[in-house]
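All chains are named by letter (A, B, ...) in the order of the sequence lines, taking the proteins before the strands, and each is independently numbered beginning at 1. Because only heavy atoms are used, hydrogens play no part in the values below, and waters and symmetry mates are left out as well, while side chains stay in.
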Amino acid sequence: MREAADTARLSGALLEWYDRHARVMPWRVAPRDGRSGLRADPYAVWLSEVMLQQTTVAAVRPYFETFTRRWPTVRALAAAEDAEVMGAWAGLGYYARARNLLKCARVVTDDHDGRFPDSYAALLKLPGVGPYTAAAIAAIAFDRPEVVVDGNVERVMARLHDIRAPLPTAKPELTALAARLTPRKRPGDYAQAVMDLGATVCTPRSPACGICPWMQDCAARAAGAAAELPRKLPKKAKPVRLGIAYVAQRTDGALLLERRAARGLLGGMLGWPGSDWAETAPDPAPPLDAQWEELDAEARHTFTHFHLRLRIHIATAPPGATPSRGQFVERTRFRPAELPTVMRKVFDLAHGRLDEIR
DNA sequence: TATGCGTGGAC
DNA sequence: TGTCCAAGCAT
């Protein structure tokens with residue numbers, strides 16, 4: 001157990017480092033000196049934190065810009081159509097976040113008069129807001145001294161204290177260690193400072209210990225073990241699943257698309273009608289009667305827990321054809337960017353040949 | 001507590 | 001090429 005004076009020195013040293021090295025991000029205000037009174041917009045903090053769940057800053061940046069331009073306030077977002085928001089989220093992944101984002105915007109608008117609650121407990125009740133996000137919003141937007149623990153903080157704590165127990169077993173211990181270090185002053189800056197440290201210095205591979213403000217205090221560095229921590233339980237192998245995607249184009253260029261079920265994989269997103277995805281070869285079941293042609297190429301895509309190989313069948317839909325699934329979307333209204341990545345891969349492989357046979 | 005849930009970049 | 005990884009949450 002560290003002395004209180006020691007923890008104050010550590011958090012102080014990190015805040016000094018952050019004052020000099022904080023990265024510029026569109027959802028941030030400049031580091032505070034405790035007097036400026038500047039606070040980040042809770043809507044921007046919430047939106048960015050949800051986008052940043054398991055997602056890199058580089059990937060989030062353009063999406064954040066798009067969302068705040070189209071929907072500058074939580075009320076504006078709450079009033080958006082579901083399909084608009086899902087389309088705007090396409091490509092960012094973990095689509096349950098987008099579904100919960102809309103739910104949350106509507107709860108804040110309808111039940112909280114358009115203002116985000118300012119306490120950890122109230123934030124935690126919101127859809128899509130878990131322990132990390134609730135603490136982050138409370139600290140960053142409302143200056144509350146909450147303990148913010150994400151993957152960066154876990155890694156930094158595991159190294160600082162040389163914790164050899166693997167994740168996720170070690171998470172409670174790492175959270176307790178993070179709690180001891182969290183200062184009462186500038187909690188939002190402190191939270192962002194630890195995460196920035198983890199993202200730029202105390203990185204998963206090849207940590208830059210030589211420039212770390214906590215170099216002298218790091219137990220793992222002293223033991224020569226920094227790069228090996230945190231340990232993690234081994235992961236399961238990903239099985240390969242097989243499927244068929246059907247891309248039908250009408251002679252006027254309209255494409256047959258289908259809104260996926262609201263829950264589960266790619267829930268609520270637009271896609272091509274197709275078979276289930278399973279480890280055994282699927283039986284063909286095209287969504288309309290036509291002269292189907294199977295492409296030589298297949299779309300390969302890796303999800304969180306399986307690899308997918310998607311065979312692609314294409315056809316020109318006969319005039320007046322009525323599909324058993326999905327609906328035709330005018331070509332001028334079709335935006336490949338509104339498809340999840342695996343479906344966009346299918347389109348990229350299909351569209352040249354599609355126009356040849358039309 | 002364990003599992004399902006995306007994507008793109010780094011190595 | 002394959003593997004690992006990132007500012008987690010819901011069930």
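Salt bridge absent: Asp150(A) and Arg155(A) never bring a charged side-chain N and a carboxylate O closer than 4.0 Å.
Mapping Lys236(A) and Leu339(A) onto DNA chain B via the closest heavy atom, the residue that lands nearer the 5' end is Lys236(A).
In terms of heavy atoms, Ile357(A) sits closest to Thr316(A) at O-OG1, 3.4 Å.
Both cation-pi conditions hold for Arg260(A) and Trp277(A): the charged atom is under 6.0 angstrom from the six-membered ring centre and inside a 45 degree cone around its axis.
A sub-4.0 Å separation between OP1 or OP2 of dC5(C) and a side-chain N or O of Lys235(A) is present. Phosphate contact (OP1/OP2 of dT7(B), side-chain N/O of Tyr95(A), threshold under 4.0 Å): present. Regarding contacts with the backbone of dG8(C), a side-chain N or O of Gln54(A) is found under 4.0 angstrom from either OP1 or OP2. Applying the 4.0 Å criterion to OP1 and OP2 of dC5(B), one finds that His305(A) has a side-chain N or O inside that range. Between dA6(C) and Arg155(A), a contact under 4.0 Å exists linking OP1 or OP2 to a side-chain N or O.
As judged by a 4.0 angstrom heavy-atom cut-off over every strand, Val50(A) is placed among residues making no nucleic acid contact. Using a 4.0 Å heavy-atom cutoff across all strands shown, Lys232(A) reaches sugar-phosphate atoms only and no base atom. Within 4.0 Å of Met25(A), counting heavy atoms only, lies at least one base atom of the nucleic acid. Counting any heavy atom pair closer than 4.0 Å across all strands shown, Pro168(A) reaches no nucleic acid atom. Note on Leu266(A): only backbone sugar-phosphate atoms sit closer than 4.0 angstrom, heavy atoms only; bases stay farther off.
When the P atom is compared between dG6(B) and dT11(C), the two are found 14 Å apart, to the nearest whole Å.
Looking at His301(A) and Lys345(A), their side chains do bring a donor and an acceptor atom within 3.5 Å of each other. Neither side chain, Gln53(A) nor Tyr132(A), offers a donor N or O lying under 3.5 Å from an acceptor on the other.
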Nucleotide N/O to protein N/O under 3.5 Å, stretch nucleotides 8-11 of chain B:
none

